[in-house]
Structure formats: C-alpha cells, structure tokens
Amino acid sequence: MRGFITKKATILIPWTHPTLNLRHPTLESFVWNNLIRSTTLQPPLSIYLRMRRHAVVPDLHTFPFLLPSLTHLPLAHSLHAHTFLFGLHTHPFTQTSLIAMYSSCGCLNSARQVFDEITLPDTPSYTAVIHAYCKGGMVDIARRMFDQMTDKNVLSYSCMINGYVKCGEHAAALGLFRNLLALEGSGAGSEIKPNEFTFSAVLSACAKLGALQHGKWVHAYIGRCGMRIDVVLGTALIDMYGKCGDVERARCVFDEIGRDEKDVMAWSAMICAFAMHGRTEECLEMFGRMVDDGVSPNAVTFVGILCACVHGGLVREGDEFFKRMVTEYSVRPLIQHYGCMVDLYGRAGRIDDAWNVVKSMPMEPDVMIWGALLSGARMHGDIETCEVSIKKLLELDPSNSGAYVLLSNVNAKLGRWREVRHLRELMEARGIKKVPGCSLVEIDGVLHEFFVGDDSHPETQDIYRMLDEIMKRLKRQGYVGDTSEVLLDLDEEGKESALSLHSEKLAIAYCFLKTGPGTTIRIVKNLRICKDCHVAIKMMSREFNREIIVRDCNRFHHFKNGVCSCKDYW
DNA sequence: CTAGGGTTAG
C-alpha cells in the first residue's frame, strides 16, 4: 500500500487492486510489456521498475521476457517474490521463465525447487530445467529428466545434445542425435525434425571428436533436408572441417557463404583453421581479405593470427600483429594473446623476450603462460627458466597432472631419474592421475579409441602384430627410438617398448589393418605428439606411401613422403 | 501473434 495526502484525508491507494483480475492484460500493461521486450536502450529490469513506479500491474506477459535476463541472484529472488505478489507464480509461462532465470543465475537448487512445485510440468519447463543441469555440468541428472519426458520435441533434443557437448560427452551427443533420427524411421508419427540448433551442436561434437566421416554425413544430411547453410551453420561447418583435418572442405564452405553475410566469426573460424594446420601464408592472406572486406577483427581472430605466427615461426610478424592488434584495432590483449607471445619467443629461443612478456603482462600469469615458457625453455635447454616456471606451475595448481608430466619430462631430459621417481611418488601420494595418452580413429563411421599400451581392442593381437611389422621395417630404414622424452625411469630397452605402445602408433597400426593402400589416415590425439612418434610417423608416411594426418592437442601434423607440415617445429 | 525452453569461433 502506498498513500498520499489530500487536503481532506489520507487516501490509501492499493499497490495492487484486490478486486482486479490481475492476470488480465490491460492496455497499460500491454504497452509496458512491449517496452520491456524492446531490446534497445534500457535493460528489461529497469523498464520493469519504472512500470512499477507508475503502479502498473504486471500481467501474464510481463515476466516471461523479463526474468531470464536476470543474472544476479538477490534480484532474482525479489522478482520471484513479485510473481507471488501478483498471483502469477502458478502460471506455466512464468514458471518456466523462473527456472530459466535461476539457470541464468547459476542457482540450480532454486531452479529445481521451482520445477518441483509445478504439478504437471510441460515440455518447456522440462527443457528449462534440463538446460540448467547441463549448464551446471550435471549432465547425467539432465539425461534422467530427459528420459522422463513424454512429449519431447526439437528443442528438448537440441538442449540435451548441446548439454552433452558442453559437458565434453561428445560421443553421447552423437548417440542421442542418432536416436533422434531413428524416431523418423520408426514411424509412429513421432518424428522430430532437427533444426539449425541441433545441427550446430552435433557439428560441434564432431569437431571436438575429430570425427570427419560423421561430420561429412551431417553436412550431407543438412543438404538433404533442403536447409540453407547460413553464416551460423556455415561457421559451425568450417570449424568442424578445420578441426577434423580437412581444411580444403572448410575453405569450400567458407567460399559458399555470401560475401556480405560473412561476419567476424566466420572469418575467424577460417583463419583459425588455417592456423591450426600450419598454413600460415593462407592464414595471413585471409586476414588481409577480411580487413579489405570491412570486417573488424576481434580478440579471437588475433588468437588465430598469433597462433599461425607461432606455428610458422614468424617472430617479427607476430610481434607486429600484436602491436597492431592494440593500436590499430583496439583489441585489448587477453591472457591467451600473451600466451602466444611467450610461445612465439620461447620457441624461437628468445627466452629473454619471453620473460619480458611474462613480466610486463597486466594480469597474473596462469598455468598456460608458465607452461608455454617452460616448453620454450625446455626446447632450448634453459634449465634455470625451466625450474622457475615449473615451481610457478605447481604453485598455481598442485593438482595439474600436466605440470607434473612436464616437470618429469624436464628432469628426464636432465637424467635426474631420482627426481622423476620422487615426482611420481608425490603424484601418487596426492592422488594425481596422469592423463593417459589416447588416440581416436574413425573407420567406416565407427570411432575406435586407443590408450597407451591398450590391449582391450577385440583385434588387439592383429594390431600388435601389424605394429611389430611396421616398426621392424622402419628399423631397417634406420629408425632408432628417441627415448629422450620418456617419463619412466626404465632401462633403454624398456623405454623403447614403452614408446612403441604410444596410442597413436596403435591407432595407425589399426588403420593399416583396416584400410586399403593409399587411404589417408586421420588420428586425433589428446596430448601433444612426442618426438619419437613424430619421427616414426614421418618414416611411415614414406615407407608405406600413406598420408597420415594427426591432430594433437595443439595443432595438426600432415605427414607425407617422409616430411611433416609442421617442419619439425611444434 | 505481447508470452516460456536453446545458438555459431578461443
């Protein structure tokens, strides 16, 4: 209630009118709702507050747009109270947007509470709560709720598939997509047509996995649906082809997008694709064309450009781009950009310059920065810098297995096997698991995963026999295992056999078994490729006349005729 | 037809 004074008496004007049907829209609320919805100028909340200051009563159209725009929990709670105040808390549209609101605030508990109070949750409210769980990383709970739903539609499927992708469960995402398509074949009138959102989530899963065959199939499927490939879908396709090792196709998709349709993201995706593949000249040429077309590069574009300079060893150019990024394009450097610069100088052996970058950055150096400094220092044998960066790495993140591995590598390189052993004990004591090397290949549309020393594959005997044969042939050609990067404190022979069991070698052996001569082999690895495998695969590509494309966690290696596209610089 | 659930690059 609020009151104001007249000459005769205090008249109380109800804040809300008790006899009015509050849910019923009025001309006034209609106008305010549209103001709230207008995306220009004021944020929805401030317009809502003005609406309230004018004592206009919200109706059932007011909250659905307003609530999900809130990201601050205390505000969310008070607006939740408003829905009660106006008796709208039982309205299905409002309830769903309450869930979406708590999801935007990252408050899973409240989101779930609202959901549980709905007597008969419908598809949107289910989807909203599923989204909330996916966003919070609880994809298994999300899936359980998804399975409870009786009326699933494109949105609920897309949301669930996207949730899997966001939580890193890419194979599950593809699996669910297949379920979705199977509905179509099963008849029962229950077919759900995937849309642009579904496809971009699925393409993202293919990209992360490096599953080229799946990705190509999805591309073809999109075409068969008669769906136009717009910038968003085009960008997803460019990204997928780039990350699956097929830059040529990425380029084709890129060229198909209309000239005036191409935005920063489309250009950046193409630039990053060239960068990952070490195709530095084309990458820089793209940048030039982009600028000529009047599209302003952003932070992501420059991550790609600087990466390209790192992979191409173009120190001077990288230097210049970094400066131009700030002066010419007013892009404020992010920590990734500084990381690229440390990498750029470090690899080129200019450790002092790398140090200067670390010292001059405006933010606290993170694990990536020290990791980059460490690998540069290690490459050029700067032991002092190695030690410092290692200490920093472990200080920042004592549970980072990567740090221990790098540290072990350095110690191994120095022959400090006692230190290596000590570290392994430390890792065990602290319960830190080393991330196992893992390689993925796709054969006839089936994904096969191999871990280091894996013997769980049904055809494991044949694989090892094949690998043995391959290695024998390489040895006849003068191959000697390079054990300098092996972690384990073993005798020479032991080290060499540990090397030959690296997951990429197993995966390649499997490809030799399963694919015809001359077929390109594509491997996706979760870690950085080691020196020994690099040498071995170069030789394989010549000896067996095979193109072998390996994606490691950092970039692509195209092996052909005994040479690698990275020019042994990675 | 004033209304709810989800979007592409690092």
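Remember, predicted model here, so these are calculated numbers, not experimental data. Scope of the values below: all heavy atoms of this structure, side chains included, with no hydrogens, waters or symmetry mates.
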Asker: Contact list please: residues 135-148 of chain A against DNA chain B, heavy atoms, distance less than 4.0 Å, in numerical order.
Answerer: none
Asker: Applying salt bridge (Lys or Arg N to Asp or Glu O under 4.0 Å), can you list everything that pairs with A:Arg37, at least two apart in sequence or on another chain?
Answerer: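 Per chain and number, A:Arg37 pairs via salt bridge (Lys or Arg N to Asp or Glu O under 4.0 Å) with no residue.
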Asker: Can you list the residues that meet the ring pair (Phe, Tyr, Trp, His ring centres under 6.0 Å) rule with A:Tyr345, with sequence neighbours excluded?
Answerer: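 If we apply the ring pair (Phe, Tyr, Trp, His ring centres under 6.0 Å) test to A:Tyr345, skipping adjacent residues, there are no hits.
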Asker: If a pair satisfies ring pair (Phe, Tyr, Trp, His ring centres under 6.0 Å) and one of its residues is in residues 139-160 of chain A, list it, with sequence neighbours excluded.
Answerer: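 Non-adjacent pairs meeting ring pair (Phe, Tyr, Trp, His ring centres under 6.0 Å): A:Phe146-A:Tyr157.
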Asker: Could you list the donor-acceptor pairs under 3.5 angstrom formed by side chains in residues 66-73 of chain A, with sequence neighbours left out?
Answerer:
from	atom 1	to	atom 2	distance (Å)
A:Ser69	OG	A:Leu66	O	2.7

Asker: At the 4.0 Å heavy-atom cut-off to chain A, mark where contacts on DNA chain B begin and end, going 5' to 3'.
Answerer: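 Span of nucleotides near chain A: B:dT2 to B:dG10.
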Asker: Any side chain to side chain donor-acceptor pair (under 3.5 Å) pairs touching residues 160-175 of chain A, not counting sequence neighbours?
Answerer: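 Listed by first then second residue: A:Arg143-A:Tyr164.
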Asker: Name every donor-acceptor pair, under 3.5 Å, that has one atom in a side chain of residues 220-228 of chain A and the other anywhere in the protein, sequence neighbours excluded.
Answerer:
from	atom 1	to	atom 2	distance (Å)
A:Tyr221	OH	A:Glu184	OE1	3.2
A:Arg228	NH2	A:Glu261	OE2	2.9

Asker: Does anything in residues 309-324 of chain A come within less than 4.0 Å of DNA chain B? Heavy atoms only, and list the residues if so.
Answerer: none
Asker: Hey, could you give me each pair passing ring pair (Phe, Tyr, Trp, His ring centres under 6.0 Å) that has a residue in residues 359-379 of chain A? Not counting sequence neighbours.
Answerer: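 Counting only pairs at least two positions apart or across chains, the ring pair (Phe, Tyr, Trp, His ring centres under 6.0 Å) contacts touching residues 359-379 of chain A are A:Trp355-A:Trp370.
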Asker: List for me each residue that meets ring pair (Phe, Tyr, Trp, His ring centres under 6.0 Å) alongside A:His337, sequence neighbours excluded, and say none if there are none.
Answerer: none
Asker: What residues, two or more places apart in sequence or in another chain, satisfy ring pair (Phe, Tyr, Trp, His ring centres under 6.0 Å) together with A:Phe321?
Answerer: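 Once residues adjacent in sequence are excluded, the partners of A:Phe321 under the ring pair (Phe, Tyr, Trp, His ring centres under 6.0 Å) criterion are A:Phe287.
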